[in-house]
There are 2 protein chains.
Amino acid sequence: MTAKRGDLFDPDCPTRRLLDRIGTKWTSMAVKVLADADPGEVRFAELQRRMPGVSQKMLSTTLQSLTRDGLVARRVEPTVPPKVHYSLTDLGRSLEVPLSALREWAEQHMAAIDTGR
Amino acid sequence: MTAKRGDLFDPDCPTRRLLDRIGTKWTSMAVKVLADADPGEVRFAELQRRMPGVSQKMLSTTLQSLTRDGLVARRVEPTVPPKVHYSLTDLGRSLEVPLSALREWAEQHMAAIDTGR
DNA sequence: CAGGATCCGTGTTGATACTG
DNA sequence: CAGTATCAACACGGATCCTG
């Protein structure tokens with residue numbers, strides 16, 4: 001609130017806080033998997049299947065964080081056993097725009113970066 | 001090459017590797033400071049002055065990483081004492097485009113995220 | 001002036017086991 | 001199925017001292 005807009009040097013700078021979130025190991029991958037999901041909704045186990053290497057704990061933590069931040073919606077079917085569906089919110093989808101721009105840049109230039117070293 | 005444990009989700013995931021870099025604590029700030037720099041070149045001590053809170057070690061580490069990746073150029077004046085100038089490369093400047101889009105998103109939506117919790 | 005070397009606290013990640 | 005709980009390992013970041 002009192003932080004100046006665009007002030008990267010403020011500890012509460014929004015850009016840094018955003019990068020703290022999408023920069024964590026599994027967040028960006030989860031967002032992409034959800035964005036690419038065919039029905040829009042993906043269940044927990046299916047998410048884990050599409051994110052090779054993620055542990056249950058980390059997937060759970062990641063999804064909780066994204067849900068708290070309003071980027072992901074969580075819908076529970078109270079069946080036995082329960083089914084939990086995750087999907088991007090409007091906010092999450094809006095993040096996809098700059099994020100996909102970043103992905104394009106990454107895909108175009110990271111190879112050059114690797115060979116350059 | 002033998003696959004290492006933990007990161008075999010996709011042998012080529014440039015996006016995550018990019019986020020690993022710009023998601024670290026000081027990288028995005030360094031890029032922005034260099035992008036906004038008036039003469040384009042900034043010396044080590046000046047960079048540290050413009051990045052409140054960064055330690056010598058972290059600034060050094062950050063700049064080495066950026067330099068290895070070809071995002072930052074390092075120019076040394078062999079004087080005594082030496083002067084080292086840092087600047088963005090063309091590649092670094094091209095990253096500024098998607099990165100500034102991300103900054104705009106952050107400034108517009110992070111407040112909503114905070115209030116939403 | 002620029003940055004390397006070292007030590008260390010802390011947070012994040014991960015493996016494993018357990019539960020409603 | 002969809003998590004939670006616990007413990008251990010490790011990388012990150014910070015403080016400090018040292019050097020060409």
Within the pair A:Arg43 and D:dC1, is there a side-chain N or O less than 4.0 Å away from OP1 or OP2?
no
Nearest whole angstrom, please: distance from the P of D:dA2 to the CZ of A:Arg49.
13 Å
Are the side chain of A:Arg93 and the backbone of A:Leu88 linked by a donor-acceptor contact shorter than 3.5 Å?
yes
Minimum-distance nucleotide (side-chain atoms of B:Pro82 versus C:dC1, D:dG14, C:dG14):
C:dC1
Over how many whole Å does the gap from B:Met58 atom CE to C:dC7 atom C1' extend?
15 Å
Spacing between B:Glu41 atom CD and C:dA2 atom P, to the nearest angstrom
12 Å
Are A:Val76 and A:Leu47 connected, step by step, through hydrophobic side chains (Ile, Leu, Val, Met, Phe, Trp, Tyr) whose heavy atoms are closer than 4.5 Å?
yes
Rounded interatomic separation in angstrom, taking CZ from A:Arg16 and P from D:dG13:
11 Å
Interatomic distance, B:Met51 CE vs D:dG14 C1' [rounded to whole Å]:
14 Å
Between P of D:dC1 and CD of A:Glu46, the distance in whole Å
11 Å
To check you understand the geometry: which heavy-atom pair defines the closest contact between A:Ala106 and B:Leu18, and what is its length?
CB-CD2, 3.7 Å
Write down the protein N/O and nucleotide N/O pairs, taken from nucleotides 3-5 of chain C, whose separation is under 3.5 Å; answer none if there are no such pairs.
residue	atom	partner	partner atom	Å
C:dG3	OP1	B:Arg74	NE	3.0
C:dG3	OP1	B:Arg74	NH2	2.4
C:dG3	OP1	B:Tyr86	OH	2.9
C:dG3	OP2	B:Tyr86	OH	2.8
C:dG3	N7	B:Gln56	OE1	3.2
C:dG3	O6	B:Gln56	OE1	3.1
C:dG4	OP1	B:Gln64	NE2	3.4
C:dG4	OP2	B:Ser60	OG	3.3
C:dG4	OP2	B:Gln64	NE2	2.1

Carboxylate-amine/guanidinium contact A:Glu46 A:Arg43, below 4.0 Å:
no
Salt bridge or not for B:Arg103 and B:Glu96, using N-O below 4.0 Å?
yes
Checking B:Arg16 side chain against A:Lys25 main chain: does a donor-acceptor pair fall under 3.5 Å?
yes
Rounding to an integer number of Å, can you tell me how far B:Leu59 CG sits from D:dA15 C1'?
15 Å
Report the distance from atom NE2 of A:His85 to atom P of D:dG3, rounded to the nearest whole Å.
11 Å
